[in-house]
Amino acid sequence: MSQTLFSPTARVLTCYCEGHCPGNVQNGTCETRPGGSCFVSVEEVLDDETKQWVPEWSHGCMSPEQGGGLLQCKVGTFSPQIHGKSIVCCDNEDLCNRDLPLEYSPRTTTTPEPPSVNTNSMPLFALVISVALCLAGLIVVLGAIYCVYRRREKRKPAYLMNSLYNTTNGHMPIADLVEQTSGSGSGLPLLVQRTIAKQIQMVHSVGKGRYGEVWLAKWRDEKVAVKIFFTTEEASWFRETEIYQTVLMRNENILGFIAADIKGTGSWTQMLLITDYHELGSLHDYLQKRVLNPHMLKTLALSLASGVAHLHTEIFGTPGKPSIAHRDIKSKNILVKRNGQCAIADFGLAVKYTSESDEIQIAPNSRVGTRRYMAPEVLSETLDLKVFEGFKMADMYSVGLVFWEMARRCITTVRGAKNTTTCEDYALPYQDVVPSDPSFEDMYAVVCVKGVRPPIPQRWQDEDILVVLSKIMQECWHPSPAVRLTALRVKKTLVKLETDCTIKIV
């Protein structure tokens, strides 16, 4: 699947289809994916009744995986030795294949007389025949392997589409649909995404953010979340969709991406992003309503560190995954799952980096994100935009502040009172020293000039996980980025405290 949802140059064609129509529709039309083409083909097949070879015609859409099928068309058109088969493609206009002329060579039923052979050239003749047979055998084997591979790849989208439209015999859950993809971890095929988007039923709004509004919706009987971007935030929709569809992006601590689509007419446009729905909401909302025991805190902290480590890690190989920096980590952009783990969301500001090309994909503006969670080097505009490690360390500063929010809500036993527990009220970082909507100047004065950091309560020294987290967060929000812990180091530290207890938040 293409890593970008839309190509600026590729066309979507409407083709006449017969014999190759999606859903086995007769005499209909089909739409190609961007870069595809229309085709008409003929192949001689054996009639079971007459035992004669008869031509069978097909019209349809050609996928863009092999240059819109042009390679197959060239083979069918310019190889006169291929008898009984022929194919012609076009991509100049819609329905261009309806009356496309096509010639083919029927199978021959006569056997030509063998040429006279000079007995003196028999050894050379035998050698030529042997080499030709070996080459033919090799071509047959390679062709069979290729056909099996192509058939397997083609069967998956067809299987997915059949499941989407099959309403009488049940349907495949979204989780299973994702599992049926190529395994690259980059999401569902584009046609499947668009089909799901058309079948979504909105239920009610669950919240608004800086870039759009989030709705609870249903696909068949399954709950999903739909983020509708404001029309002014088209760039954020494209960026977030691109990040979600990055190869090997899928991870249990990254919000599960389902589909993306653009709906609308000339007067209005809706940019949709469809993801998994987590009814417990954001970490920000969850911490205001509930307290955590040490095991719950450990699960939340470790899962957050694991998600950030997956983002920051570059995976080498084919396929590979670039390193990704989030740039807007905060408790409102982290969702709480039913199993007590975190799922990181909102990638509209994320940047990619691949070491092989040494290219950082970023808009030329370093002061982005949420001011309350901005690292000192971002507030002071000293972040080097040409060094990707700086973006990762800025993320880790924000992670330290989120850990502080979690830790305040973890209960501990009051000294001298065995049956009495306590914890701090929920608070945002720097809530007591800056306004509710702080400016850059407010945050710069507190974080950079005065060097203020959130306070560490004395009671945290009475619980192991709070002791470890307090040390981690203080290293994460160190004024020098080079001193801060990496996400992988934080993850490994928290793994050492992990127990076999499985926590489920209800």
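Below, each value reflects all heavy atoms present in this structure, side chains not excepted, and no hydrogens, waters or symmetry copies.
- Between the Thr370 side chain and the Tyr373 main chain, no donor and acceptor come within less than 3.5 Å of each other.
- Looking at Thr313, its side chain never comes within 3.5 Å of a backbone N or O of His310 through a donor-acceptor pair.
- Salt-bridge check for Lys352 with Glu359: failed, with every basic side-chain N at 4.0 Å or more from each acidic carboxylate O.
- Pairs of residues two or more places apart, or lying in two chains, that qualify as salt bridge (charged side-chain N to carboxylate O under 4.0 Å, His left out) and include a residue from residues 382-395 are Glu389-Lys392.
- Checked options Met406, Lys337, Glu252; the residue passing with Cys342 is Met406 (criterion: side chain to side chain contact (heavy atoms under 4.5 Å, CB included)).
- Remark: the backbone N or O of His478 is paired with a side-chain donor or acceptor of Arg484 at under 3.5 angstrom.
- Side-chain atoms of Ser323 come within 3.5 Å of backbone atoms of His312 as a donor-acceptor pair (strictly under, hydrogens ignored).
- Between Glu424 and Arg459, at least one side-chain nitrogen of the basic residue sits less than 4.0 Å from a carboxylate oxygen of the acidic one, meeting the salt-bridge criterion.
- Side-chain contact annotation: Thr299 with Gln341, donor-acceptor N/O pair under 3.5 Å absent.
- Atom CD1 of residue Ile274 and atom CD1 of residue Ile228 lie 9.5 Å apart, to the nearest 0.5 angstrom.
- The SG atoms of Cys61 and Cys30 lie less than 2.5 Å from each other.
- To the nearest 0.5 angstrom, Lys330 atom NZ is 10.0 Å from Met374 atom CE.
- Contact annotation: the side chain of Ile196 approaches that of Ile258 to within less than 4.5 Å [non-hydrogen atoms, C-beta and beyond].
- Residues Thr246 and Pro322 meet the side-chain proximity criterion, which asks for heavy atoms closer than 4.5 Å.
- Closest non-hydrogen pair, Met443 versus Tyr430, comes out as CE-CD1, 3.7 Å.
- The CG atom of Leu494 sits 9.5 Å away from atom CG of Leu304, with the distance rounded to the nearest 0.5 Å.
- For the salt bridge (charged side-chain N to carboxylate O under 4.0 Å, His left out) condition, the pairs that include at least one residue of residues 426-439, sequence neighbours left out, are Arg371-Asp437.
- We find the OG-CG distance between Ser398 and Asn333 to be 10.0 Å, quoted to the nearest 0.5 Å.
- There is a side-chain donor-acceptor pair under 3.5 Å between His284 and Tyr426.
- In this structure a side-chain-to-backbone donor-acceptor pair under 3.5 Å is missing from Arg372 to Pro438.
- The minimum heavy-atom distance linking Ala375 with Tyr397 is given by the pair CA-CD2, 3.4 Å.
- For the pair Val12 and Arg33, the minimum side-chain heavy-atom distance is 4.5 Å or more.
- Of all heavy-atom pairs spanning Asp91 and Leu13, the tightest one is CA-CD1, 3.5 Å.
- Nearest heavy atoms, Val336 versus Tyr286: CG2-CB, 4.0 Å.
- The side-chain heavy atoms of Val224 and Asp276, taken from C-beta on, include no pair separated by under 4.5 Å.
- Lys321 NZ: more than 12 foreign heavy atoms inside a 6.0 Å radius.
- Put simply, the side chain of Thr382 never gets that close to the backbone of Val378: no donor and acceptor are under 3.5 Å apart.
- Formation of a donor-acceptor pair under 3.5 Å by the Ser355 side chain with backbone atoms of Asp358 is not found in this model.
- Of the possible polar contacts, none joining the Asp328 side chain to the Asp346 backbone as a donor-acceptor pair under 3.5 Å is found.
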Extract all donor-acceptor atom pairs below 3.5 Å that involve side chains of residues 465-477 and protein atoms in other chains or at least two apart in sequence.
| residue | atom | partner | partner atom | Å |
| --- | --- | --- | --- | --- |
| Ser470 | OG | Leu466 | O | 3.1 |
| Ser470 | OG | Val467 | O | 2.7 |
| Gln474 | NE2 | Ser470 | O | 3.0 |

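- Using cut-offs of 30° and 60° for the angle between ring planes, the Phe347 and Tyr244 rings count as perpendicular.
- Between the side chain of Arg239 and the main chain of Ala350, a donor-acceptor pair closer than 3.5 Å is present.
- For the residue pair Glu213 and Ser205, a side-chain donor N or O sits within less than 3.5 Å of a side-chain acceptor on the partner.
- Considering CG of Leu300 and CG of Leu283, their distance stands at 6.5 Å, rounded to 0.5 Å.
- Within the 3.5 Å criterion, the main-chain N or O of Leu272 finds a donor-acceptor partner in the side chain of Trp237.
- Here the CZ atom belonging to Phe391 is positioned 14.0 Å from the CD1 atom belonging to Ile324, to the nearest 0.5 angstrom.
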